[in-house]
Amino acid sequence: MKIATYNVNGIASRLPRLLEWLEGSRPDVACLQELKTATETFPASALQAAGYEAVWVGQKSFNGVAILVRGGAPIERIRVLPGDPDDTHSRYIEAEVGGLVVASIYLPNGNPQPGPKFDYKLAWFERLIRHADTLMQEGRPVVLAGDYNVVPTDEDIYSTKSWLDDALLQPQSRQAYQQLLAQGWLDAVRHRHPGERIYTFWDYMRNRWPRDAGLRIDHLLLSPGAASRLVDAGVDRDERGKERASDHAPAWIVLR
DNA sequence: ATGACATTTGCAAAATGA
């Protein structure tokens with residue numbers, strides 16, 4: 001069973017790329033982020049024609065998350081991260097898929113920092129940590145996949161020089177990520193490729209893709225029950241080099 | 001403090017996000 005996470009950076013403008021990738025990489029489950037379209041304008045029929053049923057929650061212009069399942073349908077559990085009734089951002093959706101619990105996560109970017117956007121990021125992260133704990137208590141196999149907007153360590157970036165003040169590298173962001181992992185989650189891609197330079201995001205600006213100046217910020221976290229079934233993990237880097245590509249590449253795992 | 005890029009809005013240049 002192949003499960004992928006892909007920040008598409010606008011599903012409307014990226015639909016041809018997305019469909020090509022689905023056909024080529026053939027994930028059984030695809031968690032998408034940054035749909036950047038309203039719930040009503042999600043291209044469900046185009047995805048259905050490609051063999052995928054979906055659950056999604058959108059929002060005009062930004063955010064938006066979805067879970068796609070090939071040859072089956074995800075059963076939605078929740079479409080709001082618990083803990084703040086005033087939060088209007090579409091950043092979380094969770095579904096049951098073939099005995100697994102799968103979440104598609106778009107954690108706030110948090111720039112500029114310090115400031116209200118960074119405060120929102122950390123508060124959102126705390127809510128995620130609380131909710132992840134309740135999922136862990138359920139004792140079922142869980143995959144938390146998405147754009148975490150956190151570079152976990154200096155090994156996960158080409159160079160920290162231009163990014164030291166960025167929200168993605170702040171000690172508070174990294175501590176929150178470590179706090180989440182400490183509950184018992186496994187960072188699947190890093191686990192399968194210790195010591196390797198692996199990136200999932202290359203900024204459009206400053207020639208960062210041609211220079212391979214990347215960051216690893218898209219992660220698949222596995223509960224122990226899912227981790228024991230892990231057989232492979234990787235990143236479809238080539239997607240980033242295509243015409244009108246997202247600034248992210250898909251990351252994926254294979255579970256037994 | 002600004003702009004580097006990509007896209008949308010709305011039909012030019014500005015705003016938005018990251």
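Every chain is numbered from 1, with letters handed out A, B, ... down the list of sequences.
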Q: Please state the P separation for the pair B/dG10 and B/dA15 - nearest whole angstrom.
A: 13 Å
Q: Take A/A245 and A/N109, find for each the nucleotide of DNA chain B with the closest heavy atom, and name the residue whose nucleotide sits nearer the 5' end.
A: A/A245
Q: Would you mind reading off the distance between A/N63 atom CG and B/dG17 atom P, rounded to a whole angstrom?
A: 9 Å
Q | OP1 or OP2 of B/dA6 under 4.0 Å from side-chain N/O of A/R14 | A | no
Q) Between A/D232 and A/R256, is the closest basic N to carboxylate O distance under 4.0 Å? A) no
Q: Can you tell me the distance, in whole Å, between the CE atom of A/M205 and the P atom of B/dT16?
A: 16 Å
Q. Over how many whole Å does the gap from A/Q59 atom CD to B/dG17 atom C1' extend?
A. 13 Å
Q) Tell me, do A/S13 and A/R244 make a side-chain contact under 4.5 Å, heavy atoms counted? A) yes
Q) When you compare B/dC5 with B/dA12, how far apart are their P atoms, in angstrom units rounded to a whole number? A) 24 Å
Q. Tell me: NE2 of A/H89 to P of B/dT16, nearest whole Å?
A. 13 Å
(Q) Side chain of A/K60 only, heavy atoms from C-beta on: which candidate in B/dG17, B/dA18, B/dT9 is closest? (A) B/dT9
**Q.** Positive for side chain to side chain contact (heavy atoms under 4.5 Å, CB included) with A/Y106, one of A/I93, A/L35, A/N7
**A.** A/N7
Q) Are A/E76 and A/R79 ion-paired here, with the side-chain N under 4.0 Å from a carboxylate O? A) yes
Q: Let me know the distance between CZ of A/F62 and P of B/dA6, rounded to the nearest Å.
A: 22 Å
Q) How far does the P atom of B/dC11 sit from the matching atom of B/dA6, given to the nearest Å? A) 24 Å
Q: Could you pick out which residue, A/Y204 or A/N111, lies toward the 5' side of DNA chain B when each is mapped onto its nearest nucleotide?
A: A/Y204
Q: Could you state the atom-to-atom distance from NZ of A/K121 to P of B/dA18 in whole Å?
A: 10 Å
Q: Whole angstrom is fine here: how far is it from CG in A/D203 over to C1' in B/dA4?
A: 8 Å
Q: Could you give the distance separating B/dT8 and B/dA18 at their C1' atoms, to the nearest angstrom?
A: 16 Å
Q | A/E34 side chain, from C-beta outward: closest of B/dT7, B/dC5, B/dA18 | A | B/dA18
Q) To the nearest angstrom, how far is A/D147 atom CG from B/dG17 atom C1'? A) 12 Å
**Q.** Spacing of the C1' atoms in B/dA4 and B/dT16 (rounded, Å)
**A.** 15 Å
(Q) Of the listed nucleotides (B/dA6, B/dA18, B/dT7), which one gets closest to any side-chain atom of A/R244? (A) B/dT7
Q.
More than 12 heavy atoms of other residues, nucleotides or ligands under 6.0 Å from NZ of A/K60: yes or no?
A. no
